2 protein chains.
Amino acid sequence: MARAVSETHGEILAAAARRFAVTGYRGTSLQDIAREVGCSKATVLYHFANKEALLAELMAPAIAVLRDLDDQLTGLTGAAAQEAAAVGFVDLAVRFRREIALLRGEFPELLCQPAFAHIQQISERLRDALAGHSDRPGARITALVLLAGISEACAEFVDVPDDELRSALLTLVRRALEPVDAPLPQPPTTEDKDS
Amino acid sequence: MARAVSETHGEILAAAARRFAVTGYRGTSLQDIAREVGCSKATVLYHFANKEALLAELMAPAIAVLRDLDDQLTGLTGAAAQEAAAVGFVDLAVRFRREIALLRGEFPELLCQPAFAHIQQISERLRDALAGHSDRPGARITALVLLAGISEACAEFVDVPDDELRSALLTLVRRALEPVDAPLPQPPTTEDKDS
DNA sequence: TCAGGGGCTGACCGATCGGTCAGGCATGCT
DNA sequence: AGCATGCCTGACCGATCGGTCAGCCCCTGA
């Protein structure tokens, strides 16, 4: 053994991603990951401070993109916010569907961990944007249904090609979102509506 | 102490429902439930054979309704199947949102338990019906997004009145479902293959 | 009065969890 | 040669899990 550190590090990361996607974060033990890599549990903990650090490194790219999306959403209102949130989140969810899959319903508890402190607020802002910043219960419910449904669908349809899944989801979201009556900075230009 | 058995039985059931809804099935220990009731863990296991039996009894009413819905769906095709699935599932999800909440993403592992053997097949049939029994990926993706989203929304909006939540969800589903081209109002026992 | 039984409990069990630690084993630098 | 460093490991730790068991308490009915 005694391979380059980066090599084993990456192998552990990949194995963890695979196991987490199948049995979830809590449902996967460090022993499981070590077995999949072919090393000891102590080796896993040599490369990563603890189990949470392993998850954090695994989620880092997705979180970075989520932060970018959050920045892009600031200032947008009404239909513009809805469209930006829809396109941005669908793209994010499709690209990082493996990362989303491994959170499968463990969001609430995982969010309590310091590494994911801001995600809850970001996801709430995202939901708010998708609702066109409307206070109507119908709009807020629709936004949550779509966000949760998209996440679940991306985790489920792992074998569907990226672009096919993305276009299907975007079509669905645009159809499901009721237009919000908000003052747009610019009037709704003739968007490409696929009949 | 030494109350009537049915009394303690019900208290444990109620406490378990409360704890499961907050921390999930796996995230709640028998000790937690016992602490909430104010009895010992052994008492919980005196009234219920094991943790799984506790969950099974908690879910029994919801599962019974789900089975009824499954029966009502058999034979329906196209838009009729979509409408029946939508109305039936929205109503079920709203009525049993506490039961749905406590499954939060633990569906996959929980379904492996014998008490929930048939639920997976039922939910697949439900998804199929909501897709109008279409094979198109777009229709199947839409159906899954809606089913998962509705479940999550019901688990989240616990404070919204039943009828308000139900009507909002139904409006959303009807808007989100693209009409399927199946003009048969009643099934003439032919295979329902579109195009 | 007293035996019997239902409700309930503390103590305990084996398994598994995340995490620690001293040390083995190469390899490379001096 | 001798030492240091980095990668890795088995053994072990305390905590917690679901579950078992002998036995206590109290009510009931003969």
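First the proteins, then the strands, lettered A, B, ... as listed; each starts at 1. Quick caveat: nothing in here was measured; it's all calculated off a predicted structure. The basis for the numbers below is simple: all heavy atoms, side chains too, and nothing from hydrogens, waters or symmetry mates.
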Review point. According to a strict under-4.0 Å criterion, is B/His47 in side-chain N/O contact with OP1 or OP2 of C/dC8?
Key: yes

Point to revise | Whole-Å gap separating P (D/dT16) and CD1 (B/Ile33) | key: 17 Å

Exercise for review: Could you list all the side chain to side chain donor-acceptor pair (under 3.5 Å) pairs where at least one residue sits in residues 14-23 of chain A, not counting sequence neighbours?
Suggested key: A/Arg18-A/Glu36, A/Thr23-A/Thr28

Point to revise | C/dG7 OP1/OP2 closer than 4.0 Å to side-chain N/O of B/Tyr46 | key: yes

Point to revise | For B/Ser29, all residues meeting side chain to side chain donor-acceptor pair (under 3.5 Å), sequence neighbours excluded | key: B/Asp32

Revision key, fill the gap. Given protein heavy atoms under 4.0 Å, the one-letter contact record of nucleotides 18-24 of chain C, with B base, S sugar-phosphate only and - none, is simply BBBB---

Could you list the donor-acceptor pairs under 3.5 angstrom formed between side-chain atoms of residues 157-164 of chain B and any protein atom two or more places apart in sequence or on another chain?
| from | atom 1 | to | atom 2 | distance (Å) |
| --- | --- | --- | --- | --- |
| B/Asp162 | OD1 | B/Arg97 | NH2 | 2.4 |

Check your understanding: What is the distance from CD1 of A/Ile12 to C1' of D/dC7, rounded to the nearest Å?
Key -> 11 Å

Practice item. For A/Arg98, check salt bridge (charged side-chain N to carboxylate O under 4.0 Å, His left out) against everything at least two apart and list the hits. Key: none

Review point. Taking OP1 and OP2 of D/dC8, is either one under 4.0 Å from a side-chain nitrogen or oxygen of A/Thr8?
Key: yes

Review point. Is the distance from OP1 or OP2 of C/dG7 to the nearest side-chain N or O of B/Thr43 less than 4.0 Å?
Key: no

**Study point:** Residues forming a side chain to side chain donor-acceptor pair (under 3.5 Å) with A/Asp128, sequence neighbours excluded
**Key:** A/His133

Point to revise | CA sep, side-chain torsions, deciding dist, call: B/Glu156, A/Arg127, salt bridge (charged side-chain N to carboxylate O under 4.0 Å, His left out) | key: CA-CA 13 Å; B/Glu156 186 83 7; A/Arg127 192 201 303 180; 3.7 Å; yes

